[in-house]
2 protein chains.
Amino acid sequence: MTEKLLGSIEAGGTKFVVAVADFDFNVKEITQFPTTTPEETLAKVINFFKFFEVAAIGIGSFGPIDVNVDSKTYGHVLNTPKEEWSGFDFLGTLKAAFDIPMYFTTDVNSSAYGEYTKGSASGADSVVYFTLGTGVGGGAIQGGQFISGIAHSEMGHATVIAHPEDAYVGGCPFHSNHCFEGLAAGPTLEGRTGIKGEKIPRDHKVFDFISYYAGQIAFNTFVNMAPEKIVFGGSVLQETDMAKVREYFKQFNNNYVATPDLEDLIVRPSIKNNGSATIGNFGLALKALKE
Amino acid sequence: MTEKLLGSIEAGGTKFVVAVADFDFNVKEITQFPTTTPEETLAKVINFFKFFEVAAIGIGSFGPIDVNVDSKTYGHVLNTPKEEWSGFDFLGTLKAAFDIPMYFTTDVNSSAYGEYTKGSASGADSVVYFTLGTGVGGGAIQGGQFISGIAHSEMGHATVIAHPEDAYVGGCPFHSNHCFEGLAAGPTLEGRTGIKGEKIPRDHKVFDFISYYAGQIAFNTFVNMAPEKIVFGGSVLQETDMAKVREYFKQFNNNYVATPDLEDLIVRPSIKNNGSATIGNFGLALKALKE
């Protein structure tokens with residue numbers, strides 16, 4: 001008998017990563033291809049999984065997507081600037097090809113679940129995971145469940161107070177310099193300095209600004225949800241910036257709420273090679289199988 | 001046989017309200033007394049319940065309190081300016097008197113649970129409830145569970161962007177004008193105008209400021225948790241201000257996230273006479289009984 005495997009679909013706006021793993025999350029095969037039309041891209045996804053005995057699939061998708069299981073359009077992509085994808089029945093297309101349990105959520109929720117299952121937050125009961133990359137997103141888990149009501153979270157768009165010395169106009173097309181993403185996403189580095197983000201020295205004050213926003217959002221996250229771990233993934237901040245993020249958290253808190261040691265609370269992901277989402281999807285596949 | 005009843009303890013910083021009700025939450029007896037020393041106050045609480053057959057008690061307390069059931073100091077009052085109460089074993093004292101199921105949470109969580117069970121959010125799966133009074137607090141529920149990790153939330157202290165015309169220095173001793181409470185709690189009305197809050201005409205621009213902060217926090221709440229209902233209780237805002245709160249939500253969102261009709265999303269409590277917490281405590285007593 002063929003070994004049963006778990007499947008992962010990391011559906012990004014520019015590329016898809018699909019993988020299968022055994023029940024200990026050891027990857028057996030992984031491949032990636034560019035995101036083109038939904039029909040063509042999903043045909044490649046389906047073709048990949050056809051060659052395995054897949055027991056369940058976890059899917060982390062770019063958004064916005066409908067994750068409300070009670071909704072008529074559950075599993076669909078909602079209105080997105082990628083017009084061909086707007087309204088596409090992502091989950092339904094997969095279900096028509098494979099009648100197996102699937103878990104459908106956002107890409108950042110998948111990463112959150114990965115770190116919760118096997119990463120920096122493993123063993124914790126609650127975690128909020130942020131990613132600071134081209135965009136900014138966040139996902140929250142409590143007791144194994146995602147925190148979301150009628151829609152998935154859009155934590156990158158919560159308002160932040162601007163750093164008093166940061167005069168940047170902001171990079172968010174909807175919220176300019178009023179939201180976390182508008183002030184802390186990767187493109188804001190070049191937006192402020194005219195220098196590509198990866199070429200800016202780490203002691204440049206833009207990283208101080210980003211740390212200020214991350215520290216502020218971490219503080220807001222703690223007063224809102226009090227998670228055991230707050231994880232900052234993505235390439236904009238690095239391990240060496242975490243001390244500043246914790247310092248700003250302290251300044252915003254100003255000894256108001258009691259917290260764990262901030263070195264334990266505010267951390268980087270521990271799953272290597274940007275693998276948090278893939279591991280998370282295997283975990284979600286397992287969750288779908290058990291529910 | 002005596003009828004079994006549910007108990008409610010609303011433990012406020014200035015007064016306690018204790019009540020018993022039948023299993024349909026019809027109040028059979030209710031009384032209140034000032035908050036003095038923990039020993040004296042709890043003696044009165046215990047004396048009240050001694051005369052009834054109480055099946056379970058729901059407790060909503062002023063804070064900070066330890067609500068983490070895995071903690072050594074679960075059920076205790078934590079460090080508070082009310083020194084005699086700091087470290088007091090609130091739940092343990094009650095449990096020593098009555099060996100029955102009890103649910104211990106914050107006062108604002110009790111109100112949230114009341115509106116979730118029998119109020120504006122009844123029938124919803126998720127709600128975030130804010131109260132704007134002497135202080136500002138918030139409580140969140142999803143699928144019948146409070147959203148909280150290792151501590152209860154302190155949502156009144158999340159940061160907000162100040163209204164561009166609001167030059168108030170802020171009323172929060174920890175966060176001055178950087179947090180929701182510092183800019184939107186009751187005392188900030190008099191702080192800005194020199195006039196007692198209840199005497200300020202409703203078309204005064206301070207209520208526009210408060211609505212701006214409430215609208216901003218409602219927007220942040222929606223992008224963080226996407227609850228089905230956001231309820232604004234307390235005496236600072238009234239039904240007539242809700243239109244402005246919704247208008248500011250719209251401005252902050254700027255057509256980014258899809259939302260339900262804002263008249264359905266952002267509402268006032270519907271339980272009358274500040275009864276949300278008492279009703280919530282009965283609901284929590286029932287929950288304790290079933291768990």
Side-chain angles (χ1 to χ4, degrees), chain A residues 63-64 66-68 70 78-79 124-128 138 140-143 145-162 172-180 216-217 219-230 251-260 265, chain B residues 64 66-68 70 78-79 124-128 138 140-143 145-162 172-181 216-217 219-230 251-260 265:
Chain A
D66 189 340
V67 296
N68 182 348
D70 297 327
L78 299 174
N79 280 332
D125 188 61
S126 50
V127 60
V128 179
I141 297 167
Q142 179 183 312
Q145 304 298 324
F146 291 114
I147 293 178
S148 76
I150 51 177
H152 59 74
S153 57
E154 288 279 0
M155 294 188 182
H157 294 273
T159 65
V160 286
I161 297 172
C172 176
F174 294 90
H175 310 121
S176 59
N177 64 346
H178 283 157
C179 78
F180 186 29
Q216 180 177 172
I217 282 288
F219 170 69
N220 286 346
T221 298
F222 195 80
V223 294
N224 285 331
M225 307 181 189
E228 214 170 320
K229 295 281 179 187
I230 299 172
Q251 285 186 29
F252 277 102
N253 186 25
N254 195 24
N255 289 315
Y256 179 68
V257 286
T259 67
L265 178 66
Chain B
D66 190 341
V67 296
N68 184 347
D70 297 327
L78 299 174
N79 280 332
D125 189 61
S126 50
V127 61
V128 179
I141 298 167
Q142 180 182 311
Q145 304 298 324
F146 291 113
I147 293 179
S148 76
I150 52 178
H152 59 74
S153 56
E154 288 278 0
M155 295 187 183
H157 295 273
T159 64
V160 286
I161 299 173
C172 176
F174 294 90
H175 311 122
S176 58
N177 63 347
H178 283 158
C179 78
F180 186 29
E181 177 169 299
Q216 181 177 171
I217 282 287
F219 171 67
N220 287 346
T221 298
F222 195 80
V223 294
N224 285 329
M225 308 182 188
E228 215 169 319
K229 294 282 178 186
I230 300 173
Q251 285 187 29
F252 277 102
N253 185 26
N254 196 23
N255 289 314
Y256 179 68
V257 285
T259 66
L265 179 65

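Chain letters run A, B, ... following the sequence lines, proteins first and then strands; every chain starts at 1. Not measured: the values here are computed from a predicted model.
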In terms of heavy-atom pairs under 4.5 Å with chain B, which of A:A162, A:P173, A:S148, A:A258 leads? A:S148

Most heavy-atom pairs under 4.5 angstrom with chain A, which of B:L78, B:D70, B:V160, B:V127? B:V160

Between B:N253, B:N79, B:T259, who has the most heavy-atom pairs with chain A when the cutoff is under 4.5 Å? B:N253

Roughly how far, to the nearest 0.5 Å, is the CG atom of B:D125 from the CG atom of A:N68? 9.0 Å

Where on A:V128 is there a heavy atom nearer than 4.5 Å to chain B: the side chain, the backbone, both, or neither? neither

Quick check on A:P227 against chain B: is it the side chain, the backbone, both or neither that has a heavy atom closer than 4.5 Å? backbone

Identify which of B:E228, B:Q216, B:H157 forms the greatest number of heavy-atom pairs closer than 4.5 Å to chain A. B:H157

Where is the tightest heavy-atom contact between A:S126 and B:G149, given as atom of each residue plus distance? OG-CA, 3.5 Å

Heavy atoms of B:I150 and A:F222 approach each other most closely as CD1-CE1, 3.9 Å

Here the pair of heavy atoms bringing B:Q142 nearest to A:I147 is OE1-CA, 3.3 Å

Part of A:A151 lying under 4.5 Å from any heavy atom of chain B: both

Do the non-hydrogen side-chain atoms of B:I161 and A:H178 ever get within less than 4.5 Å of each other? yes

In Å, rounded to the nearest 0.5 Å, how long is the span from CE of A:M225 to CD of B:E154? 15.0 Å

Looking only at atom types and distance, does a side-chain atom of A:N220 sit under 3.5 Å from a main-chain N or O of B:A158, one as donor and one as acceptor? no

Between A:H175 and B:F219, is any pair of side-chain heavy atoms under 4.5 Å apart? yes

Working to the nearest 0.5 Å, report the span between OH of A:Y256 and SG of B:C179. 8.5 Å

The interface call for B:S153 against chain A, heavy-atom contacts under 4.5 Å, is both

